[in-house]
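A quick note: this is a predicted structure, and the numbers were derived from the prediction, not measured. All chains are named by letter (A, B, ...) in the order of the sequence lines, taking the proteins before the strands, and each is independently numbered beginning at 1. Keep in mind that the numbers below use all heavy atoms, side chains included, and drop hydrogens, waters and symmetry copies.
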Amino acid sequence: MWSAYYRQIWQTVLAIPPGKVASYGQIADLAGLPGRARLVGKALGLSPEPLPWHRVLRSNLTLAFAAGTADALLQRSLLLEEGVIFQGQRVCAHYRWQPDLSELLFSLQY
DNA sequence: AAGTTGACCAAAT
DNA sequence: TATTTGGCCAACT
């Protein structure tokens with residue numbers, strides 16, 4: 001039995017298209033939880049089912065995990081598989097997910 | 001009940 | 001571009 005907050009967060013993360021990335025704060029906003037970026041990180045770790053968690057990163061486009069850790073390496077390779085290119089520690093800015101209205105409405109069809 | 005923590009963020013410096 | 005600062009708030013000590 002999960003908090004409604006987490007469900008909203010998970011749903012929003014699922015709406016991120018492959019090959020795109022979003023920030024924690026952005027997910028929080030889209031999920032109707034402005035200012036609660038930290039809750040997003042928490043929710044990702046508690047997800048009961050597979051999520052495209054690797055598409056979520058910090059607002060400065062760096063990974064949330066410390067460089068060199070197993071988690072960071074995994075996230076990096078998952079993104080590379082989707083065609084996301086890195087410049088040093090951060091992903092190129094043009095991979096940022098910029099949802100338009102119809103895309104958001106579609107993701108809310110339930 | 002009170003203090004700490006965290007897959008964060010924006011603004012100022 | 002990097003670091004600091006203050007803010008955020010649900011979950012845990």
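- OP1 or OP2 of C/dA10 sits under 4.0 Å from a side-chain N or O of A/R36.
- As rounded to whole Å, 15 Å separates atom C1' of C/dA10 from atom CG of A/L44.
- Atom pair A/N60:CG and B/dC9:P shows a separation of 7 Å (rounding to whole Å applied).
- Contact between A/W97 and A/A22 at its shortest, heavy atoms only, is CE3-CB, 4.1 Å.
- Between the P atom of B/dT5 and the CG atom of A/L39 lies a distance of 19 Å, rounded to the nearest Å.
- For A/R90, the listed nucleotide lying nearest its side chain is C/dA2; candidates were C/dA2, C/dA11, B/dC9.
- Separating the CZ atom of A/R7 from the P atom of C/dA10 is a distance of 17 Å, rounded to the nearest angstrom.
- With B/dG6, C/dA10, B/dA10 as the choices, the nucleotide that has an atom nearest any side-chain atom of A/S59 turns out to be B/dA10.
- We find that CZ of A/R58 is positioned 14 Å from C1' of C/dA2, with the value rounded to whole Å.
- The cationic group of A/R36 lies under 6.0 Å from the six-membered ring centre of A/Y5 and within 45° of the ring axis, placing it in a cation-pi geometry.
- Looking at which nucleotide of DNA chain C each of A/G35 and A/K42 is closest to, the 5′-most match is held by A/G35.
- Using a 4.0 Å cut-off, no side-chain N or O of A/R38 falls inside it from OP1 or OP2 of C/dC9.
- C/dC12 and B/dA1: their C1' atoms are spaced 14 Å apart (whole Å).
- Between A/I27 and A/I16 there is a side-chain heavy-atom pair separated by less than 4.5 Å.
- For the side-chain contact (heavy atoms from CB on, under 4.5 Å) with A/H54, the lone residue among A/E81, A/R76, A/E82 that qualifies is A/E82.
- Between A/Y24 and the phosphate of C/dC8, there is no side-chain N or O to OP1/OP2 separation shorter than 4.0 Å.
- With no hydrogens or angles considered, a side-chain donor-acceptor pair links A/N60 and A/T62 at under 3.5 Å.
- The side chain of A/S23 contributes an N or O atom lying less than 4.0 Å from OP1 or OP2 of B/dC9.
- In this structure, the CG atom of A/D29 is 16 Å from the P atom of B/dC8, given to the nearest Å.
- One atom, CD of A/Q26, and another, P of C/dC8, lie 22 Å apart when rounded to the nearest Å.
- In this structure, A/Y6 places its OH atom 13 Å from C1' of B/dA7, rounding to the nearest Å.
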